[in-house]
Amino acid sequence: MSDTPTLYARFTEKLDAVLAALEAEGHMPPDTPRRAVTVEPPRDPSHGDLATNAAMVLAKQAKTNPRALAGLIVEKLAADPDVTSAEIAGPGFINLRVAREAWLAELRAVAELGADYGKSTMGAGRTVNIEYVSANPTGPMHMGHCRGAVVGDALASLLEFAGHKVIREYYVNDAGGQVDVLARSVHVRYREALGKDVGEIPEGLYPGDYLVPVGEALAEEFGDRYLAAPESEWLVPFRERAVAAMLEMIRADLALLGIHHDLFSSEAELQAAGKPAEAEAWLRERDLVYDGMLEAPKGKTPEDWEPVELPLFRSTKFGDDQDRPIRKSDGSWTYFGADLAYHYQKAQGADALVDIWGADHAGTVKRIKAAVAAMTGADGDAVPFEVKLVQMVQLLRDGQPVKMSKRSGTFVTLADVVREVGKDVVRFTMLTRKPEAQMDFDFAKVVEASKDNPVFYVQYCHARVCSTLRKAAAEDLAPSDGHLELLGEEELEMVKLAAQFPRIVEAAATAREPHRIAFFLHDLAAALHGYWNLGNDRPDKRFIVVQDGNLSRARLFLAAQIGQLVRNGLALLGVEAVEEM
RNA sequence: GCGCCCGUAGCUCAGCUGGAUAGAGCACGAGACUUCUAAUCUUGAGGCCACAGGUUCGAAUCCUGUCGGGCGCGCCA
């Protein structure tokens, strides 16, 4: 992004230039691939500020040994004014120490770039479509949807920050049997609204109270017109209105979490437009769909199993375990048959696709990946497509599991949880674990205001910076980069950590792992709190040292930039950076 | 039976797509508080990275198998 490349990017360029020079001098063959070359902070800070594995990775291609190659690289790097020392260590690591001035310049870059510090051009403006949530429009959002929603949303922000154009998409499953069930459930509420005694909600229908107002609205709209009418007359209009009402509710629930999709794509519209049929024809032409028998499921063969001939997609050709039906025996589309066409549609509007799914759908990943490979791979390169699975969240209250049962309607809604613990807590907590690991969500722990709670810890860091700046302002001290040379080693350590933000962003975006931002923020907060605590015993290490204005202003400048960084990181996670707590 | 995910300190988890002596918090042990910035701080101990092989300069990380936990497996969505 920047006209001001950040420190890590700059050193990567320097190293690249050195390697190019070595190629030109004949030490390495031309166009030696350098993909595996990294520039990163060494694990042990005593080794230096930056380390590169270049010599070890490239030694084989240079037909020499790592240490010899390292010698050549070091010779050139040592000439750089930003490098104060370059040493070969161990099997061929190159450890660099970076000039103080270069770190201080990085601190100025944070100030200069502000909210843009950490942005990357990595995505090169490529469009990524990220589909997340896509909960069935049959009721309010519950906690089962929450993690995917937050992870997907944070990932979308992250990819945007990393230079992609992002489409946030929600696939509305408004065409299957479940929405018919919804329509029937709503019909019961409709009769109820007209004063009929409906008794218990029949087994198999949705019992939730949230359908009561929908029934009332229908009664208002249609009067008693459909009271005794056959289902065929009211099913379609009831379904339409019920789905619309559910979507409105879902949007409101998502808004509570600060989530707003760019696009809601309707499965029913997709089908009405004939997209699945087009896909089928296209696939049949290439013999990727054929009429065949489905094998009985392995393991537990059901008694009522009857082999039928169905149109099957050859997903086995692309790594699936079984060919998959795209239509049911009554001719209507299976979920997969429509989903296949849907993904093709998404692929036409994007350079890459990402789906965020709950782990309970893991079993269908192979078939949809097969479908995308088949449909986008035919004419050139397949569109890159990843399915990220988020694992289950177990809700706990004081260590005891919270029971949820769909049948009895006692599920914990997302709205309830957000109301109880707040948006920021929900979002941050969902991002403090890698998505593919199961997690617990304990109501007692997530609202705790102590340093054991990462949400609090990070937000408090920002609040602390703000309160320090407020206090300084009261004493007529404003942050200034006029005398940054007064900053000591402890302060410089914080700068070094802060300078990693841009590369953390890129790594997190590449890996599609927004939780890395959360962990980085926790580390950064720990550094600031640690420095703060230093001031307890050593008043000369406080941000505000009354006797020394220049030093205070330099430290305040540092504090302000740490605050800026926390804001940038929290913005990616969709968590508010509060100014006081 | 099959597929996917997970297995790292007593507990909850990181580990930067293969790097150097595997980290943090909690809990545990020992110290510190006449508020100056204690919504605590310093410090110590704690590990066969589930297990067994393999790949290579080098593995917690990649591959194979075993064990353990979770999720799923019909034309459902």
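Labels below follow one simple rule: chain letters A, B, ... track the order of the sequence lines, proteins then strands, and each chain is numbered from 1.
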K496(A), NZ atom: more than 12 neighbouring heavy atoms under 6.0 Å
yes

d(CD1, I88(A); P, rA20(B)) in whole Å:
19 Å

Parallel, tilted or perpendicular: rings of Y342(A) and Y171(A) (30°, 60°):
parallel

Who does rU12(B) pair with, Watson-Crick or G-U, both distances under 3.5 Å?
rA24(B)

Can you find a side-chain donor-acceptor pair between Y8(A) and E106(A) that sits under 3.5 Å?
no

Candidate nucleotides rA14(B), rG72(B), rU40(B), ranked by approach to the side chain of D360(A) - the nearest:
rG72(B)

What integer distance in Å separates D180(A):CG from rC75(B):P?
19 Å

Counting side-chain heavy atoms from CB outward, which of rA77(B), rC75(B), rA14(B) is closest to A437(A)?
rA14(B)

Planes under 30° and centres closer than 5.5 Å, is that true for Y460(A) with the base of rA39(B)?
no

Quick one: sort the F161(A) and F501(A) rings into parallel, tilted or perpendicular, breaks at 30° and 60°.
tilted

P atom, rC26(B) versus rU40(B): distance in rounded Å?
9 Å

Once you apply a heavy-atom cut-off of 4.0 Å, does A36(A) come out as touching a base, just sugar-phosphate, or nothing?
nothing

Taking any strand in view, what nucleotide pairs with rG18(B) in a Watson-Crick or G-U wobble way, both distances under 3.5 Å?
none

Which nucleotide in the list rG15(B), rU37(B), rC13(B) gets nearest to the side chain of F519(A)?
rC13(B)

Does the side chain of R433(A) get closer than 4.0 angstrom to OP1 or OP2 of rC13(B) through an N or O atom?
yes

Assigned partner base of rG31(B), Watson-Crick or wobble definition, under 3.5 Å:
rC41(B)

Separation of rC6(B) atom C1' from K388(A) atom NZ, nearest Å, is 14 Å

Hey, is the side chain of K328(A) poking within less than 4.0 Å of OP1 or OP2 on rA77(B), counting only N and O atoms?
yes

Opposite nucleotide pairing with rG46(B), Watson-Crick or G-U, both atom distances under 3.5 Å:
none

When all nucleic acid strands are considered with a 4.0 Å heavy-atom cut-off, which category describes G535(A): base, sugar-phosphate, or nothing?
nothing

It should be established whether K471(A) places a side-chain nitrogen or oxygen under 4.0 Å from OP1 or OP2 of nucleotide rU37(B).
yes

Considering only atom C1', compute the distance from rG19(B) to rC62(B) and round it to an integer number of Å.
14 Å

Heavy atoms only, 4.0 Å cut-off, all strands: where does F456(A) land among base, sugar-phosphate and nothing?
base

Please measure how far the C1' atom in rU8(B) lies from the corresponding atom in rG29(B), and state the result in whole Å.
24 Å

Taking the C1' atom in each of rC63(B) and rU56(B), what is the distance between them to the nearest angstrom?
13 Å

On RNA chain B, more 5' by nearest nucleotide between K434(A) and G177(A) is K434(A)

Base, sugar-phosphate alone, or nothing: which one does T364(A) contact when heavy atoms must sit under 4.0 Å apart?
base

Can you tell me how far P of rU12(B) sits from CG of D442(A), to the nearest Å?
13 Å

Mind checking T510(A) for me? I need base, sugar-phosphate or nothing, with any heavy atom below 4.0 Å counting as a touch.
base

Just to be sure I understand the rule, does Q438(A) reach a base, reach only the sugar-phosphate, or reach nothing, if contact means heavy atoms closer than 4.0 Å?
base

Please report the distance, rounded to the nearest Å, between CZ in R367(A) and C1' in rC4(B).
12 Å

With rounding to the closest Å, how many angstrom separate the C1' atoms on rG1(B) and rU61(B)?
31 Å

Pick base, sugar-phosphate or nothing for P325(A), based on heavy-atom distances below 4.0 Å to the nucleic acid.
sugar-phosphate

Of the listed nucleotides rC71(B), rG15(B), rU21(B), the one nearest the side chain of R43(A):
rG15(B)

Between H515(A) and rG15(B), does any side-chain N or O lie under 4.0 Å from OP1 or OP2?
yes

Residue whose nearest RNA chain B nucleotide is more 5′ - G90(A) or W333(A):
G90(A)

Counting any heavy atom closer than 4.0 Å, what does F543(A) reach on the DNA or RNA strands: base, sugar-phosphate only, or nothing?
base

Which nucleotide in rC76(B), rC71(B), rG19(B) has an atom nearest any side-chain atom of A359(A):
rC71(B)

Is any N or O donor-acceptor pair between the side chain of N53(A) and the base of rA20(B) shorter than 3.5 Å?
no

Categorize A508(A) for me: base, sugar-phosphate, or nothing, with a 4.0 angstrom heavy-atom threshold over every strand shown.
nothing

Do we count H361(A) as stacking onto rG72(B) if the rule is ring centres under 5.5 Å and planes under 30°?
no

When rounded to whole Å, the CD to C1' distance for the pair E436(A) and rA14(B) reads 13 Å

How many Å lie between CG on N453(A) and P on rC13(B), as a whole number?
15 Å

Does any donor-acceptor pair link the side chain of S329(A) with the base of rC75(B) at a separation under 3.5 Å?
yes

Pairing check on rC73(B): which nucleotide meets the Watson-Crick or G-U wobble criteria with it, both distances under 3.5 Å?
rG1(B)

Does CD belonging to E269(A) count more than 12 external heavy atoms closer than 6.0 Å?
no

Which base sits across from rC62(B) as a Watson-Crick or G-U pair, both distances under 3.5 Å?
rG54(B)

Sticking with atom C1', work out how far rA30(B) lies from rC71(B), rounded to a whole angstrom.
46 Å

With P as the reference atom in both, quote the distance from rA14(B) to rC6(B) in angstrom, rounded to an integer.
11 Å

What distance, rounded to whole Å, do you find between the two C1' atoms, one in rC41(B) and one in rU12(B)?
23 Å

Just checking A511(A): base, sugar-phosphate only, or nothing, at a heavy-atom cut-off of under 4.0 Å?
base

Got more than 12 heavy atoms from elsewhere within 6.0 Å of NZ, K369(A)?
yes

R464(A) and H529(A) side chains, donor-acceptor separation under 3.5 Å
yes

Which part of the nucleic acid does D174(A) contact within heavy-atom distance under 4.0 Å: base, sugar-phosphate only, or nothing?
nothing

Can you name the nearest heavy-atom pair linking R67(A) to G90(A), along with the distance?
NH1-O, 2.6 Å

Sugar-phosphate only, base, or nothing, as touched by Y335(A) at under 4.0 Å among non-hydrogen atoms:
base

Counterpart base for rG68(B), defined by Watson-Crick or G-U wobble contacts under 3.5 Å:
rC6(B)

Output the rounded distance in Å from NZ (K445(A)) to P (rG25(B)).
17 Å

Regarding R464(A), tell me which of base, sugar-phosphate or nothing describes its non-hydrogen contacts under 4.0 Å with the strands shown.
nothing

Which of these passes salt bridge (Lys or Arg N to Asp or Glu O under 4.0 Å) with D355(A): R512(A), K346(A), K388(A)?
K346(A)

Parallel, tilted or perpendicular: ring planes of F443(A) versus F441(A), cut at 30 and 60 degrees
perpendicular

Is any side-chain N or O of R327(A) under 3.5 Å from a base N or O of rC75(B), one able to act as donor and the other as acceptor?
no

